[in-house]
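Shown next, in structure tokens, is the structure this report addresses.
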Protein chains: 2
Amino acid sequence: MVTIMEEQNPYENILQDFDLLKRLIVGIGEVADITGVAQRKIRYWEEKGIIHSLKGGESSTRRYDYLNIKKIILIQELLEEGFTLDAAARKIGERMKKLHTVFTQLADQSKEE
Amino acid sequence: MVTIMEEQNPYENILQDFDLLKRLIVGIGEVADITGVAQRKIRYWEEKGIIHSLKGGESSTRRYDYLNIKKIILIQELLEEGFTLDAAARKIGERMKKLHTVFTQLADQSKEE
DNA sequence: CGTCATTTGTAATATTTTTACAAAATAGGC
DNA sequence: GCCTATTTTGTAAAAATATTACAAATGACG
């Protein structure tokens, strides 16, 4: 059970940011900096179909959205635990679905306000 | 007073993301896409000292953090309302300070978990 | 050792960003 | 309207970053 004073609830102030987070599509250099995973490695994971970038659009360089950045971080963690790449990707599947649902919901919700 | 069942509180699931949000430092192209403000315009605002990028570090290109992206969006909104650039920057000062406090607090908090 | 998965290296090419100039467009005072 | 300061936009050349397509190195495991 969590109890929060309404006036002091910081989440409300921040809800709107999920819309911004949803729009944050960033290049591979930034993703490498943010996640600590080498660019070359990210490209390899993408070749294997585990990560997906948005190349089709206006840009001809790779762009990653929030959920793919998140995925890169999660996979990195599982690799450090000893999983293979494929196993890590499989293990993450369920969790990514949940994240996707919660995230999309929050982002849309915050957009309306 | 607000009381939330722990299992149903979506904010808790997402709290950790503020640490990620804090690390999201992105290039000018992405910022232009995200905010809808032209690159050239962002550079001008930076020349005037209203926006700040992180150039001193490892990168020699402009990188913007979350709060500066936020600032760009807010200023854009005020300009559309008819404020001058300087007036918009002044008006936003107080709000940015609050955002900075809440944001830093949340990000640090989420990092500890 | 052999094999497959994974990571890393790199040269040539393409894309993006920066800088430093300058010129438009816009707004407000007189 | 004209003047002036602010703000936006354009652009060419140089610098920085990213892509592709090769290949080699490393690691895990039977």
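Computed from a predicted structure; not experimentally measured. The sequence lines fix the lettering, A, B, ..., with proteins before strands; numbering per chain opens at 1.
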Taken to the nearest 0.5 Å, the spacing of B/Ile92 CD1 from B/Phe83 CZ works out to 9.5 Å
Mark yes or no for whether B/Asn68, through its side chain, and B/Ile51, through its backbone, hold a donor-acceptor pair below 3.5 Å. no
[N], OP1 or OP2 - any side-chain N/O from [X] closer than 4.0 Å?
X: B/Lys41; N: D/dT7; result: no
X: A/Thr84; N: D/dG27; result: no
X: A/Arg43; N: D/dT20; result: no

Set of residues satisfying salt bridge (charged side-chain N to carboxylate O under 4.0 Å, His left out) with respect to A/Glu94, sequence neighbours excluded: A/Lys97
Please state how far atom [atom1] in [X] lies from atom [atom2] in [N], giving the value in whole angstrom units.
X: B/Lys48; N: D/dT6; atom1: NZ; atom2: C1'; answer: 7 Å
X: B/Ile75; N: D/dT6; atom1: CD1; atom2: P; answer: 17 Å
X: B/Gln39; N: D/dT17; atom1: CD; atom2: P; answer: 15 Å
X: B/Leu79; N: D/dT7; atom1: CG; atom2: P; answer: 8 Å
X: A/Tyr44; N: D/dA18; atom1: OH; atom2: C1'; answer: 21 Å
X: B/Ile28; N: D/dA16; atom1: CD1; atom2: P; answer: 16 Å

Within-4.5 Å side-chain heavy-atom neighbours: B/Leu54 and B/Ile25: yes
Under a 4.5 Å cut-off applied to non-hydrogen side-chain atoms, are A/Leu99 and A/Lys70 in contact? yes
Please confirm whether any donor atom in the side chain of B/Arg40 sits under 3.5 Å from an acceptor in the base of D/dT8, or the reverse. no
Considering only heavy atoms of chain A and a distance under 4.0 Å, specify the first and last nucleotide of DNA chain C in 5' to 3' order that meet this criterion. C/dT6 to C/dT16
State which residue, out of A/Lys71, A/Arg62, A/Arg63, A/Lys55, fulfils the salt bridge (Lys or Arg N to Asp or Glu O under 4.0 Å) condition with A/Glu46. A/Arg62
B/Gln76 and B/Thr35 side chains, donor-acceptor separation under 3.5 Å: no
Pick the nucleotide of DNA chain D nearest each of B/Ala38 and B/Arg63; which residue has the one closer to the 5' end? B/Ala38
Step by step, work out the side chain to side chain contact (heavy atoms under 4.5 Å, CB included) result for A/Arg23 and B/Ile69. CA-CA 11 Å; A/Arg23 277 183 290 148; B/Ile69 296 172; over 6 Å; no
Just how large is the angle between the end axes of the helix from C/dC1-D/dG30 to C/dC30-D/dG1, five pairs per end, to 10 degrees? 40°
NA contact type, A/Arg62, heavy-atom cut-off 4.0 Å: base, sugar-phosphate, or nothing? sugar-phosphate
Any salt bridge linking A/Arg90 with A/Asp86? Criterion: basic side-chain nitrogen under 4.0 Å from a carboxylate oxygen. no
Report the residue (A/Asp86 or B/Gly82) whose heavy-atom-nearest nucleotide on DNA chain C is the more 5′ of the two. A/Asp86
